[in-house]
Undergrad: 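One structure is given below, represented as structure tokens, and several questions about it will come after.
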Amino acid sequence: MEVNLGFVLFAILMAYLVVVRPILGLVRDRKASLSSGEQAAKAEALFRATFPELQPHFHPASVADYVVARVEEGLEPVKGVIEKPPGFAAAARARVSIAQKGERTILEDAAGKPIAEFTLEKKDGALGALRLGAGKFTVRQKPGRAATVKYWHPEREFEWEPPAAWKFKTALADEPVSSSDRGTTWSDSSSSSDRAATAAAAFAGAGGTFDGGGASAGWDAPGGGDPTPGAEAGVGGGGDDSGSTDSGASSGGAGDDSSSTSY
């Protein structure tokens, strides 16, 4: 009887290790994948809603593709024209000309109608910088790694690392709002404005942060620096222009006194 009982226990253990445990692992991985996908979708929706000046052409992935191809891979215009410029699917060509601070680039559709214009600049410690209106993208890339992007605007900014790591800073929320798997919280419970509530509702589950107080200082500061002293931290490298982070978005962000959380 004891031998039979031992055999039964052994069989149950083997069944658990060989059958049940792998199935549980697959279910757990599936749930994690769905959760990650939902967070990425919410972050993308927040990007579209909060940065209307970048829609529909200037997703950070598109900007990174263009700058990497233009700068690192040595993509050269033929008589001032780049056919089917990388990253910009809606553009049939890019017309490039020399400007005071870099390359003036006009994107055109198949009919030759201009659809966007920006200036591509050189930048120490980065692949390049792309000026678009009042804003600026900075693209960095470590050897063997995907390019990361930081965008600065007088009113809002973000950092992005592929495939879907985002960190936002905007004046939309009155107080810093952070979102995690424990829900959405304010650093100051006294804040109950409609704008903050709206921001929290839009941001819940996105896996990132709103930092209050708007964007950091201007990026055309004396000496060619970016937003604040020691700025350009977080995704895309710290203030020493060291490059992109090793995994996820790093802590930091703009160099002001507001708190921020990486995700």
Undergrad: Please tell me whether Ile82 and Ile115 are part of a single hydrophobic cluster in this structure, the criterion being side-chain heavy atoms less than 4.5 Å apart.
TA: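 Cluster IDs for Ile82 and Ile115 match.
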Undergrad: Of all the heavy-atom pairs spanning Ala147 and Val68, show the shortest one and how long it is.
TA: CB-CG2, 3.8 Å
Undergrad: Between Gln39 (side chain) and Ala43 (backbone), is there a donor-acceptor pair under 3.5 Å?
TA: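 A pair under 3.5 Å: no.
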Undergrad: Can you find a pair of side-chain heavy atoms, one from Lys136 and one from His153, that are under 4.5 Å apart?
TA: no
Undergrad: Return the CG to NE2 distance between Leu107 and His57, rounded to the nearest 0.5 Å.
TA: 7.5 Å
Undergrad: Looking at Arg93 and Glu108, does any basic side-chain N land under 4.0 Å from a carboxylate oxygen?
TA: yes
Undergrad: Arg48 side chain to Gln55 main-chain N or O, any donor-acceptor pair under 3.5 Å?
TA: no
Undergrad: Strictly below 4.0 Å, N to O, side chains only: are Arg156 and Glu53 in salt-bridge contact?
TA: yes
Undergrad: Does Val71 share a hydrophobic cluster with Val96, counting links as ILVMFWY side-chain heavy atoms below 4.5 Å and allowing steps through other members?
TA: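 In one cluster with Val71: Val96, yes.
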Undergrad: May I have the step-by-step check of side chain to side chain contact (heavy atoms under 4.5 Å, CB included) for Glu157 and Lys167, ending in yes or no?
TA: CA-CA 9 Å; Glu157 56 192 89; Lys167 182 173 168 184; over 6 Å; no
Undergrad: Nearest 0.5 Å, what's the OG1-CD distance between Thr105 and Glu117?
TA: 8.5 Å
Undergrad: Start with the C-alpha distance between Glu159 and Phe168, add both sets of side-chain angles, then the distance that settles side chain to side chain contact (heavy atoms under 4.5 Å, CB included), and finish with yes or no.
TA: CA-CA 7 Å; Glu159 300 170 15; Phe168 299 93; over 6 Å; no
Undergrad: Going by ring pair (Phe, Tyr, Trp, His ring centres under 6.0 Å), name the residues that satisfy it together with Tyr151, two or more places apart in sequence or in a different chain.
TA: Phe51, Phe137, Phe158
Undergrad: Once rounded to the nearest 0.5 Å, what's the spacing between atom NZ of Lys123 and atom OG1 of Thr138?
TA: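 Lys123 atom NZ to Thr138 atom OG1 measures 5.0 Å (nearest 0.5 Å).
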Undergrad: For residues Pro86 and Leu75, determine if any side-chain heavy atom of one lies less than 4.5 Å from a side-chain heavy atom of the other.
TA: yes
Undergrad: Would you name the heavy atoms of Arg140 and Ala126 that are closest together and state the gap between them?
TA: CG-CB, 3.7 Å
Undergrad: For Val81 versus Arg95, what's the shortest heavy-atom pair and its separation?
TA: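 Here Val81 and Arg95 meet closest at CG2-NH1, 3.4 Å.
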Undergrad: Could you go through the side chain to side chain contact (heavy atoms under 4.5 Å, CB included) check for Tyr66 and Val139 one step at a time?
TA: CA-CA 10 Å; Tyr66 180 80; Val139 180; over 6 Å; no
Undergrad: Are Arg145 and Glu161 packed together at the side-chain level, in the sense that at least one heavy-atom pair is separated by less than 4.5 angstrom?
TA: yes
Undergrad: Which pair of non-hydrogen atoms, one from Pro162 and one from Ala146, has the smallest distance, and what is that distance?
TA: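 Shortest heavy-atom separation between Pro162 and Ala146 comes out as CG-CB, 3.5 Å.
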Undergrad: Determine whether Lys150 and Trp160 make a side-chain contact, defined as any pair of heavy atoms from C-beta on separated by less than 4.5 Å.
TA: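 Not in contact.
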Undergrad: Please walk me through it: do Phe58 and Leu132 pass side chain to side chain contact (heavy atoms under 4.5 Å, CB included)?
TA: CA-CA 9 Å; Phe58 293 91; Leu132 179 68; 3.6 Å; yes
Undergrad: Is Arg70 salt-bridged to Glu103, cutoff N-O under 4.0 Å?
TA: yes
Undergrad: Of all the heavy-atom pairs spanning Glu83 and Ala92, show the shortest one and how long it is.
TA: OE1-O, 3.5 Å
Undergrad: Taking all non-hydrogen atoms of both residues into account, name the closest pair between Asp65 and Gly87 and its distance.
TA: CB-CA, 3.8 Å
Undergrad: Drop me the distance from Leu127's CG to Glu73's CD, to the nearest 0.5 angstrom.
TA: 10.0 Å
